[in-house]
Amino acid sequence: MEYGKNDIDLKWKKKLLFSGIFVQENRLHTIMDRYLKEITSKQWLVMVVADAYDNPPDLTTLAKMLGCSRQNIKKLAISLEKAGFANLVHSENDGRSLCVQISEKGKHIIVNSKNLEEKVHQSLFKDFTEQDIEDYYRLSAKMMNGFGYLEECFRELTERGEM
């Protein structure tokens, strides 16, 4: 399949871009999961995001940051805890809230993945110019806004009984 053909009309491009979001995510997970050892790409992402906080973030915060459900994050966090990469601890501010604290074993994985991260970025963005990266970054921010508009649209359709 040849990517980047320009002789496709705008309506069809929108359809391809929409389905492409899912295809790109699936391909990224498939490739990373095939070669990462000890951990899945989703588990790794939870750890990297959790490690970026000064204090262990709670499950709800991680879910918002990663754009998924709290239940999904909890499943991933439990699997990380079972593997020894993280600990589920109660929040200092709210004893009912669970936080993801990266263990020493998890920190070791994160440090080792930093070495791999540059190679991943070089490979993934090999055909991109600096301007392409700037444009993609800008357009991705607009797409994130689009997800908000889509959720609002679905909520309205649901309230009107159209879904």
Side-chain angles (χ1 to χ4, degrees), residues 1-36 39-83 85-102 106 110 113 117 120-121 124-125 128 132-163:
M1 177 184 290
E2 187 177 337
Y3 297 104
K5 293 188 106 184
N6 290 322
D7 58 346
I8 302 171
D9 73 6
L10 189 60
K11 187 175 181 179
W12 188 244
K13 284 181 182 179
K14 285 180 183 179
K15 287 181 181 187
L16 289 174
L17 286 169
F18 178 73
S19 62
I21 293 168
F22 298 102
V23 172
Q24 289 170 358
E25 178 188 17
N26 287 339
R27 291 210 53 208
L28 182 61
H29 285 300
T30 299
I31 292 167
M32 290 185 72
D33 289 348
R34 184 180 306 139
Y35 294 103
L36 287 177
I39 195 166
T40 69
S41 56
K42 288 184 180 186
Q43 290 171 328
W44 172 81
L45 185 59
V46 169
M47 286 196 340
V48 169
V49 171
D51 191 56
Y53 285 85
D54 291 332
N55 296 311
D58 64 32
L59 299 174
T60 302
T61 299
L62 286 171
K64 285 179 185 174
M65 286 299 299
L66 295 169
C68 61
S69 71
R70 183 185 177 284
Q71 293 82 1
N72 191 6
I73 293 298
K74 187 171 183 180
K75 281 183 189 177
L76 289 165
I78 289 170
S79 67
L80 287 168
E81 186 173 50
K82 284 181 182 174
F85 297 121
N87 300 304
L88 287 171
V89 298
H90 290 282
S91 168
E92 293 177 7
N93 301 331
D94 180 357
R96 299 169 296 168
S97 183
L98 284 177
C99 298
V100 177
Q101 181 179 54
I102 305 304
I110 291 169
S113 72
E117 187 176 334
V120 168
H121 291 170
L124 199 56
F125 296 105
F128 285 63
D132 290 338
I133 292 169
E134 292 293 333
D135 291 344
Y136 191 61
Y137 182 84
R138 181 180 50 78
L139 293 170
S140 290
K142 286 185 174 188
M143 182 59 75
M144 293 302 290
N145 290 336
F147 292 137
Y149 303 142
L150 180 62
E151 184 159 8
E152 186 179 305
C153 172
F154 280 176
R155 188 175 20 254
E156 289 173 5
L157 290 171
T158 301
E159 287 171 1
R160 292 195 309 252
E162 297 177 31
M163 281 191 77

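Start at 1 with the first residue, then count along the sequence. These values consider heavy atoms only, across backbone and side chains, with no hydrogens, waters or symmetry-generated copies.
The side-chain heavy atoms of V120 and M32, taken from C-beta on, include no pair separated by under 4.5 Å. Side-chain contact between Y53 and M65 is present, with at least one heavy-atom pair separated by less than 4.5 Å. Side-chain atoms of L98 and D58, non-hydrogen and from C-beta on, never get closer than 4.5 Å to each other. Between M143 and I21 the shortest side-chain heavy-atom distance falls below 4.5 Å. For the pair F154/E151, no side-chain contact is recorded, criterion being any heavy-atom separation below 4.5 Å from C-beta on. Using a 4.5 Å cut-off on side-chain heavy atoms (C-beta onward), W44 and T40 make no contact. Side-chain atoms of F85 and Q43, non-hydrogen and from C-beta on, never get closer than 4.5 Å to each other.
Across every non-hydrogen atom of K42 and H29, the tightest pair is CG-CE1, 3.4 Å. Considering all non-hydrogen atoms of both residues, F128 and L124 come closest at CE1-O, 4.0 Å. Pairing each heavy atom of A77 with each of V100, the nearest pair is CB-CG2, 3.8 Å.
Between the side chain of T61 and the main chain of P57, no donor-acceptor pair closer than 3.5 Å is present. In this structure a side-chain-to-backbone donor-acceptor pair under 3.5 Å is present from E81 to L88. No side-chain donor-acceptor contact under 3.5 Å links E25 to the backbone of F22. Within the 3.5 Å criterion, the main-chain N or O of S41 finds a donor-acceptor partner in the side chain of D33.
For D135, the salt bridge (Lys or Arg N to Asp or Glu O under 4.0 Å) test picks out R138, with sequence neighbours left out.
Y136 OH: 12 or fewer foreign heavy atoms inside a 6.0 Å radius. Atom CD of E92 is surrounded by 12 or fewer heavy atoms from other residues, nucleotides or ligands within 6.0 Å.
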>> Determine whether I73 and C68 satisfy the following criterion, side-chain contact (heavy atoms from CB on, under 4.5 Å), listing intermediate values before the conclusion.
In response: CA-CA 7 Å; I73 293 298; C68 61; 3.5 Å; yes

>> Is there a side-chain contact (heavy atoms from CB on, under 4.5 Å) between I39 and M47? Walk through the geometry before answering.
In response: CA-CA 10 Å; I39 195 166; M47 286 196 340; 3.6 Å; yes

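Note: N87 CG to I102 CD1 = 9.0 Å, rounded to the nearest 0.5 Å. Annotation: the span from L59 atom CG to I78 atom CD1 amounts to 8.5 Å, rounded to 0.5 Å. Atoms CG and CG, from L62 and N72 in turn, are 11.0 Å apart once rounded to the nearest 0.5 Å. Atom OG1 of T60 and atom CZ of R70 lie 5.0 Å apart (nearest 0.5 Å). Once rounded to the nearest 0.5 Å, the distance linking OH of Y149 with CD of E152 reads 8.5 Å. In this structure, the separation between OH on Y137 and CD1 on I133 is 12.5 Å, given to the nearest 0.5 Å.
Side-chain polar atoms of D94 and S91 form no donor-acceptor pair below 3.5 angstrom.
Note on residues 47-56: pairs passing salt bridge (Lys or Arg N to Asp or Glu O under 4.0 Å), not counting sequence neighbours, are D51-K107.
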